[in-house]
2 protein chains.
Amino acid sequence: MAASTLTEVARLAGVSPATASRVLNGSARKPGQDIADRVRQAADSLGYIPNAQAQGLAKSSSGLIGLIVHDIADPYFAAIARGVQEAAREQRKMVLLATTGGAPAEEKEAVAAFAARRADSIVIAGSRSAQPENQEGNAELAAELDRYCRNGGRVAVVGHPVVGAEAPEGYYVVAVPNQELAAALAGKLASGWNGDFVIIGGPKGLFTSDDRVRGFQEGLAAAGREPADIVRTTFNRAGGYEAGLKLAGLIKARQAEAAEGPAGRKLCIFAVNDVMAIGATAALRSEGLRIPRDAIIAGFDDIETLRDFRPALSTVRLPLEEIGRLATRATAPGTASAGEGPDGAESNASGIRGADAEEAAADGVGPHPITGEVTLRRSTETAA
Amino acid sequence: MAASTLTEVARLAGVSPATASRVLNGSARKPGQDIADRVRQAADSLGYIPNAQAQGLAKSSSGLIGLIVHDIADPYFAAIARGVQEAAREQRKMVLLATTGGAPAEEKEAVAAFAARRADSIVIAGSRSAQPENQEGNAELAAELDRYCRNGGRVAVVGHPVVGAEAPEGYYVVAVPNQELAAALAGKLASGWNGDFVIIGGPKGLFTSDDRVRGFQEGLAAAGREPADIVRTTFNRAGGYEAGLKLAGLIKARQAEAAEGPAGRKLCIFAVNDVMAIGATAALRSEGLRIPRDAIIAGFDDIETLRDFRPALSTVRLPLEEIGRLATRATAPGTASAGEGPDGAESNASGIRGADAEEAAADGVGPHPITGEVTLRRSTETAA
DNA sequence: CTGAATCGGGAAAGCGCATTCCCACTACGT
DNA sequence: ACGTAGTGGGAATGCGCTTTCCCGATTCAG
């Protein structure tokens, strides 16, 4: 038994396919009550399920939203995905998932695949990067997106615009104030802490990482502190661990030095995301160091699953789910028209806002810009 | 500019659409080299992207894999999703995501939506449940799946078969030995621990939870221990927290009692999943209790993000990603034919195996069944 | 009571592609 | 030399649905 078709339903109901289509799917023309009933009855007696492919082909729109992440198992992306999923459901659409590991070339492939499926919109959640080896990939990605938009697709990217993409109609960016928030975090940290700072950053060129590093340094400067040293590593837990190992050596050296010189100051480590911070913590622990006795540590993102972690991470709360929702909604037709040009430039209202608030607003980020919240957690409770 | 079509490409290349189709998509017939080149050149000069909808319609298959989870932000599902995604990529398919919160009615909707999109296969990752309020939903879900399978769809479900689903052609279940593993965990715990046990379980009727509870009790019995009390709550972090609060009271009472009577024995808490265990830990901590001083705690799943948690959770390592991969591969055409009937019943080989190993094998779970690994972590390091 | 306006339904033309036929042509065989 | 198999391309059909267009039947105004 093959799936039954509209035609079969129509035949069973004794009407034409056109009529059947009109009653079963939201058409402007509503057939008469009696006929409608007959059709509906025929439909579910046959267990009719409309063929979305055919529907899509006929009205060229698929009810699909493409989501691109680096890794769906990363809690950061998982949280965003939840938001996207929610918004998709509001729009009665389904989400198509692609994971790319962050490589622009893969992302380009994903966009092409989404385009092939005639996805109504695409949300790109992974951080952009400007590393030289990605240059070509970025260009191709930009071109692909451009074409997608020109064909009526809508795309929202979280964080930074795609490198090299001119902003066509239908291109939105949800600005995340990484820099400002990192600066705020540094400020708060500095006010309660008189030691030195070290930053565990991601690979150079990764925008999210770079912004947070830059912001943090600015915050330190504003507080009259020396700039922090930077250890670069990969943007995940493993990278954090590796860097942690390195820093453990440093800390021990400083402690040894302090034993015979003036009191060495404790180190405050800022990892550019929570997962890296956790990795670093584990590394320190494995080296016999303790937090906050030997160092203190801060992260970024406020990953839900890690909130119960102890010693508690000082971190910046990013409304990840909300970000996903906003990005998705931005791509919904009939929403926040992409007012082009930064003419609507409203003044930078209260709270920490997007790096380019006006631009964000102009790009249809939604009713309110992304804000964040710095959370200083006291690591009073000692743990390895 | 609308997306260009095959016909346009064909015209530009000066060939018929049929020929263009043959060269651009893997057809059995390979046109001549020169023509192929011309077509290919025309194609990318136009930036041609095949319309997957139309292709799907024409050959009735979509290259889509549907994945159903309770919540994509739950690290358990996120890990499975990663595996599914990986396997999907191997098969050059895309994954379509649906989150249902675990309600069978929603799941039925999702299956219908997947069927409408003509997904080639469906992976259902959430735990099944037999709660009375879900009875109707379960039946509908089973019916929907049945129809889907009869129309040539393939479905793999993780953990337990869908309630009420007779096993049609194309229906696979990846058995997870929750019960055995829980028993093994109980055994190990009991051998190093002479206090009482308490179980924090999910809602009654949730198979995964019930199996783990049952297995744990069996393990205790096998070790000559009294059965544990059970606190039922929701299957997530919040539930764990709530239960933890309750248990904190119990623990304090026992401690008070112990102060004036014979030495009260410490409690060992088994939460049926890691996330609940974390919640419980947080609750105990908030009540001023410490682990392992006042109680010890064990979980299940070995969620990656939680491995760095301290006090470390004793837990059972479930190869979540592998489970996702296996389930997905099981649905790939040309794989592990669904040998019907438990005739191939091989003896229960070494290692902990599926609840019904033969059935699992017969259901095409793949070359090797899911095993797990009990990890007893010492909570030597004290933390709140 | 007739004309036009309206309504409710059907016929048919695609949407973009795969694929089955079919045909012209070449390369063989005996 | 003729016939046959084989080859490479095109014409045409259909996948399941939406939508425009059309037409007969009502209804209402004049």
Side-chain angles (χ1 to χ4, degrees), chain A residues 1-40 42-43 46-64 112 115-120 151-152, chain B residues 1-40 42-43 46-64 112 115-120 151-152:
Chain A
M1 152 205 174
S4 50
T5 73
L6 222 211
T7 311
E8 291 171 14
V9 172
R11 183 164 29 213
L12 179 57
V15 301
S16 79
T19 303
S21 169
R22 291 195 262 255
V23 16
L24 293 179
N25 312 50
S27 167
R29 283 179 54 175
K30 299 284 174 202
Q33 189 60 45
D34 49 341
I35 291 214
D37 288 345
R38 257 199 354 256
V39 171
R40 244 182 287 273
L46 284 181
Y48 169 72
I49 295 183
N51 184 327
Q53 309 239 48
Q55 288 188 162
L57 184 55
K59 48 183 179 190
S60 57
S61 126
S62 60
L64 254 26
R117 299 231 134 75
R118 296 298 183 266
D120 298 329
N151 287 344
Chain B
M1 153 205 172
S4 50
T5 75
L6 224 211
T7 310
E8 291 171 16
V9 172
R11 184 164 28 214
L12 180 58
V15 301
S16 79
T19 304
S21 169
R22 289 196 263 256
V23 15
L24 293 180
N25 311 49
S27 166
R29 285 178 55 175
K30 299 283 173 201
Q33 188 61 45
D34 48 340
I35 290 213
D37 287 347
R38 259 203 348 258
V39 171
R40 244 181 288 273
L46 284 181
Y48 169 70
I49 294 184
N51 184 326
Q53 308 240 47
Q55 289 188 163
L57 183 55
K59 47 185 180 190
S60 59
S61 126
S62 60
L64 253 27
R117 300 231 132 76
R118 296 299 184 264
D120 298 330
N151 286 344

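The shown structure was predicted, so the numbers you read here are calculated from the model rather than taken from an experiment. Convention: sequence-line order gives letters A, B, ...; per-chain numbering from 1.
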Q.
If you only use heavy atoms from C-beta on, which nucleotide in dG16(D), dT19(C), dT19(D) is closest to the side chain of Ser21(A)?
A. dT19(D)

**Q.** Length of the CG-C1' vector between Asp34(B) and dG8(D), whole Å
**A.** 11 Å

Q. How would you label the contact of Leu57(A) with the nucleic acid (heavy atoms, under 4.0 Å): base, sugar-phosphate, or nothing?
A. base

**Q.** Integer-rounded Å distance: dC17(D) C1' and Leu6(A) CG
**A.** 6 Å

Q | Distance in angstrom units between Asn151(A) CG and dG16(C) C1', rounded | A | 14 Å

(Q) Without decimals, in angstroms, what is the distance between Asn25(A) CG and dC17(D) P? (A) 8 Å

**Q.** Residues in contact with DNA chain C, drawn from residues 10-19 of chain B - heavy-atom cutoff 4.0 Å
**A.** Ala18(B)

Q: To the nearest Å, give me how far apart CD1 (Ile35(B)) and C1' (dG8(D)) are.
A: 8 Å

Q | side-chain contact (heavy atoms from CB on, under 4.5 Å) partners of Ala58(B), counting only residues at least two apart | A | none

Q. When the distance from CD of Gln53(A) to P of dA18(C) is rounded to whole Å, what number comes out?
A. 12 Å

Q. Can you name the nearest heavy-atom pair linking Ile49(B) to Ala115(A), along with the distance?
A. CD1-CB, 4.0 Å

Q.
Measure CG/Asn51(B) against P/dA18(C) and give the value in whole Å, please.
A. 10 Å

(Q) Can you work out whether Arg22(A) or Thr7(A) has the more 5'-proximal nearest nucleotide on DNA chain D? (A) Thr7(A)

Q) For Ser60(A), what residues pass the side-chain contact (heavy atoms from CB on, under 4.5 Å) criterion, not counting sequence neighbours? A) none

Listing, residues 16-25 of chain A side-chain donor-acceptor contacts under 3.5 Å, not counting sequence neighbours, or none:
residue: Ser16(A); atom: OG; partner: Ala18(A); partner atom: N; Å: 3.3
residue: Ser16(A); atom: OG; partner: Thr19(A); partner atom: N; Å: 3.3
residue: Ser16(A); atom: OG; partner: Thr19(A); partner atom: OG1; Å: 3.2
residue: Asn25(A); atom: ND2; partner: Gln55(A); partner atom: OE1; Å: 2.4

**Q.** Rounded interatomic separation in angstrom, taking CD from Gln55(B) and P from dG16(D)
**A.** 17 Å

(Q) Using the side-chain contact (heavy atoms from CB on, under 4.5 Å) criterion, which residues pair with Leu64(B)? Sequence neighbours excluded. (A) Leu96(A), Arg117(A), Ser62(B), Met94(B), Leu96(B), Arg117(B), Ala119(B)

Q: Looking at every strand, decide which applies to Thr5(B) at a 4.0 Å heavy-atom threshold: base, sugar-phosphate, or nothing.
A: sugar-phosphate

Q) Of the options Val39(A), Thr7(A), Leu46(A), which is the one that meets Leu12(A) in a side chain to side chain contact (heavy atoms under 4.5 Å, CB included)? A) Leu46(A)

Q. Just wondering, do Thr5(B) and Asn51(B) contact through their side chains at under 4.5 Å, heavy atoms?
A. no

